[in-house]
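All remarks here apply to the structure that follows.
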Amino acid sequence: VDIIQPSDSVAVENIIYADRKEMEEGTYQLAVHCYSKRDGVGGFKAQIEIMGIIYNFKYEGEMEQGDTIVVAEVTLQNGRLSLDNKLDKK
């Protein structure tokens, strides 16, 4: 999501697979990249929904220009989805 001057706006990006059969097997990584540091306040929130279960993530650290924070990895293997929370491992 490209949100150059967020002010009071919220940046939202939706990535949807209506049917997991459309997904290729492998690991998908959700990361937040601070492309351009402006006046924004540190941290972010992210949300992932898998099969009706919602997972919420919160990063409270300060991000500098060029930083990338890996939030989670979603793996599809043998038709099964799993989620690995990478923020808890920091």
Side-chain angles (χ1 to χ4, degrees):
V1 174
D2 184 6
I3 185 161
I4 298 297
Q5 296 179 352
S7 62
D8 292 332
S9 300
V10 175
V12 175
E13 180 165 345
N14 295 303
I15 302 168
I16 298 171
Y17 286 94
D19 185 343
R20 83 176 100 162
K21 293 175 188 169
E22 295 177 13
M23 296 175 68
E24 290 187 28
E25 288 214 351
T27 299
Y28 297 78
Q29 188 177 76
L30 169 67
V32 174
H33 178 251
C34 182
Y35 179 78
S36 177
K37 175 78 175 185
R38 301 259 180 163
D39 296 333
V41 179
F44 59 84
K45 294 178 184 176
Q47 188 177 74
I48 299 173
E49 179 182 350
I50 299 174
M51 306 299 294
I53 300 171
I54 296 174
Y55 301 88
N56 292 295
F57 304 90
K58 186 174 184 179
Y59 179 78
E60 295 179 344
E62 192 71 26
M63 292 185 73
E64 297 297 327
Q65 185 166 322
D67 287 352
T68 299
I69 304 296
V70 177
V71 176
E73 291 181 347
V74 176
T75 301
L76 176 63
Q77 184 175 7
N78 299 322
R80 298 189 69 144
L81 287 167
S82 63
L83 182 131
D84 185 12
N85 181 345
K86 296 298 185 180
L87 287 181
D88 282 348
K89 297 178 179 175
K90 289 194 141 265

message = For a side chain to side chain contact (heavy atoms under 4.5 Å, CB included) check, start with the C-alpha distance between V74 and L30, then their side-chain angles and the critical distance, and finish with the verdict.
response = CA-CA 8 Å; V74 176; L30 169 67; over 6 Å; no

Heavy-atom pair with the smallest gap, counting every atom of [X] and [Y]:
| X | Y | value |
| --- | --- | --- |
| V71 | A46 | CG1-CB, 4.3 Å |
| C34 | E64 | CB-O, 3.4 Å |
| A31 | T68 | CB-CG2, 3.9 Å |

Could you give the distance from [atom1] ([X]) to [atom2] ([Y]), rounded to the nearest 0.5 Å?
| X | Y | atom1 | atom2 | value |
| --- | --- | --- | --- | --- |
| I53 | L83 | CD1 | CG | 10.0 Å |
| Y55 | Q47 | OH | CD | 12.0 Å |
| I50 | Y17 | CD1 | OH | 12.5 Å |
| E60 | L87 | CD | CG | 10.5 Å |
| I54 | I48 | CD1 | CD1 | 11.5 Å |
| Y28 | I15 | OH | CD1 | 10.5 Å |

query = Can M23 be reached from I16 by stepping across I, L, V, M, F, W or Y side chains whose heavy atoms are under 4.5 Å apart?
reply = no

inquiry  = Assess, by modelled atom type and distance only, whether the side chains of Q29 and E73 contain a donor and an acceptor separated by less than 3.5 Å.
reply    = yes

task = Please answer whether the main-chain N or O of E25 pairs with a side-chain N or O of Q77 as donor and acceptor at a distance below 3.5 Å.
result = no

message = Between N78 (side chain only) and R80 (backbone N and O only), is there a donor and an acceptor less than 3.5 Å apart?
response = no

task = Report the residues that fulfil ring pair (Phe, Tyr, Trp, His ring centres under 6.0 Å) with F44, sequence neighbours left out, ordered by chain and then residue number.
result = Y59

